[in-house]
There are 2 protein chains.
Amino acid sequence: MADDDVTADPSPAGRYDEALGYLVKHVHLAHQRASDAALAPLGLTSRDLGVVRVIATGAATSQQEIGALLGIDRTSMVAMLDDLEDRGLVRRQPSPHDRRRNVLALTPEGERTYQDAEREIAVVDAKFLEPLSSNDSRRFARALRTLLDAADGADRGPG
Amino acid sequence: MADDDVTADPSPAGRYDEALGYLVKHVHLAHQRASDAALAPLGLTSRDLGVVRVIATGAATSQQEIGALLGIDRTSMVAMLDDLEDRGLVRRQPSPHDRRRNVLALTPEGERTYQDAEREIAVVDAKFLEPLSSNDSRRFARALRTLLDAADGADRGPG
DNA sequence: TATTGTTATACTCTATAACTATA
DNA sequence: TATAGTTATAGAGTATAACAATA
């Protein structure tokens with residue numbers, strides 16, 4: 001492993017792993033890896049859980065609404081929900097008010113799996129935040145919320 | 001438990017957008033969107049900048065080393081570096097010590113583009129962190145660093 | 001005419017395997 | 001035999017366009 005000393009300059013502009021973008025991205029990936037590993041025994045990915053959670057909390061009911069909240073294309077929603085429905089976790093019901101729309105609901109088994117998944121994720125989150133004091137953990141979560149609200153607002157343009 | 005009611009329960013387990021995983025993921029995506037938009041005029045993606053930054057800071061020199069630091073497969077590195085080399089930003093030089101290895105270096109134009117890119121990203125970061133006090137911004141970055149170090153250590157197993 | 005869900009298609013990113021040239 | 005880079009190929013994930021049913 002002899003270092004090639006082609007590069008005389010050790011660090012002209014900070015270290016590559018100090019950049020905010022690097023940190024945020026890899027913290028995300030680390031959390032996602034941990035989540036996917038914890039959810040695998042339940043047959044869910046963290047992506048699946050996002051969808052199931054939106055249905056469980058009633059934040060949205062139609063396929064496109066759910067996708068919009070999570071940044072998932074409506075065409076991708078079809079395959080995901082096909083899968084979750086085939087496995088008996090969710091149910092599509094035509095809306096009585098607008099028969100174009102599918103109202104999504106969890107089956108009893110879907111509800112059980114969702115509760116199990118949230119318990120697993122609570123463990124993942126606790127382990128993930130363990131290196132921070134409980135004060136710093138709260139501050140961290142609050143900072144994320146603040147940054148996301150500001151960024152989403154900026155995306156839609158100032159005004 | 002007769003909770004066959006479609007959406008009787010408004011929020012049995014918190015809101016979907018309060019989950020740590022959701023927050024971290026979407027903060028990452030928002031920062032990446034802002035970065036990609038700021039770098040587009042330079043012809044770089046945030047992914048490109050990651051590679052260029054590792055080369056510029058001398059953190060790694062061979063293709064596989066760079067990929068390992070950033071979590072990019074060696075086969076993906078080939079196409080990325082082909083592109084950056086075609087555009088005259090990086091140069092592959094066979095290592096004199098091990099002629100299987102390519103030592104990557106920035107061309108003068110690559111160095112200029114890299115400096116421009118870091119300036120753009122500094123603006124993106126400042127805008128992104130603007131909703132936090134400078135104290136909270138520092139705490140936020142420190143928390144990210146702490147979490148990432150702990151998570152990466154855990155990935156490799158305790159011990 | 002517009003919208004929801006759907007299908008088909010393409011394009012990007014990533015993952016696996018095999019090849020070459022070096023070691 | 002093992003490794004760095006490369007190529008080919010297949011697999012996800014996502015995006016675009018078109019279609020059917022409904023509004």
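The chains referred to below are lettered A, B, ... by the order of the sequence lines, with proteins before strands, and numbering in each begins at 1.
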Do [X] and [Y] touch side chain to side chain, with heavy atoms closer than 4.5 Å?
| X | Y | result |
| --- | --- | --- |
| B:Asp48 | B:Thr45 | yes |
| A:Asp83 | A:Leu89 | no |
| A:Glu120 | A:Asp116 | no |

Where each residue is assigned the nucleotide of DNA chain C containing its nearest heavy atom, which of A:Ser62 and B:Thr45 is assigned the position nearer the 5′ end?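 With A:Ser62 and B:Thr45 compared, the 5'-side residue is A:Ser62.
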Just the rounded figure in Å: distance from C1' of D:dG13 to CZ of A:Arg47.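 Atom-to-atom, A:Arg47 to D:dG13, this comes out as 7 Å.
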Mind calculating the distance between CG (B:Leu104) and C1' (D:dA4) to the nearest angstrom?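 So the CG-C1' distance, B:Leu104 to D:dA4, works out to 12 Å.
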Evaluation steps, side-chain contact (heavy atoms from CB on, under 4.5 Å), between B:Leu144 and A:Leu20: CA-CA 9 Å; B:Leu144 288 172; A:Leu20 182 63; 4.0 Å; yes
Reading DNA chain C 5' to 3', which nucleotide is the first, and which the last, to come under 4.0 Å of any heavy atom in chain B?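 Range of nucleotides touched by chain B: C:dT14 to C:dA23.
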Atom of [X], atom of [Y] and distance for their closest heavy-atom approach:
| X | Y | answer |
| --- | --- | --- |
| B:Leu81 | B:Val51 | CD2-CG1, 4.1 Å |
| B:Leu23 | A:Ala141 | CD1-O, 4.1 Å |
| A:Arg145 | B:Asp17 | NH1-O, 2.5 Å |

State whether B:Arg139 and B:Asp136 are salt-bridged, where the test is any N-O pair (Lys NZ or Arg NE/NH1/NH2 against Asp/Glu carboxylate O) under 4.0 Å.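 So B:Arg139 pairs with B:Asp136 through a salt bridge.
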Expected output is a numbered-order residue list: members of residues 66-84 of chain B with a heavy atom under 4.0 Å from any atom of DNA chain D. What is it?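 Heavy-atom cutoff 4.0 Å gives B:Arg74, B:Thr75, B:Val78.
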When you group the ILVMFWY residues by side-chain heavy-atom contacts below 4.5 Å and let the links chain together, are A:Leu29 and A:Val27 in the same group?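 The answer is no; the residues belong to distinct hydrophobic clusters.
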With a 4.0 Å limit, can you tell me whether A:Arg100 has a side-chain N or O closer than that to the phosphate oxygens OP1/OP2 of D:dC19?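 Answer is no, no contact under 4.0 Å.
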Heavy atom of residues 34-44 of chain B under 4.0 Å from DNA chain C: which residues?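 Hits under 4.0 Å, by residue number: none.
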Which part of the nucleic acid, if any, lies within reach of B:Gln64 when heavy atoms closer than 4.0 Å are counted: base, sugar-phosphate only, or nothing?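 It contacts base atoms.
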Would you please classify the geometry between the A:Tyr22 ring and the A:Tyr16 ring as parallel, tilted or perpendicular, with 30° and 60° separating the classes?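 Ring orientation, 0 to 90° scale: perpendicular.
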Just verifying a value: how many Å separate A:Arg138 CZ and A:Leu129 CG, rounded to the nearest 0.5 Å?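 Here the interatomic distance stands at 11.0 Å.
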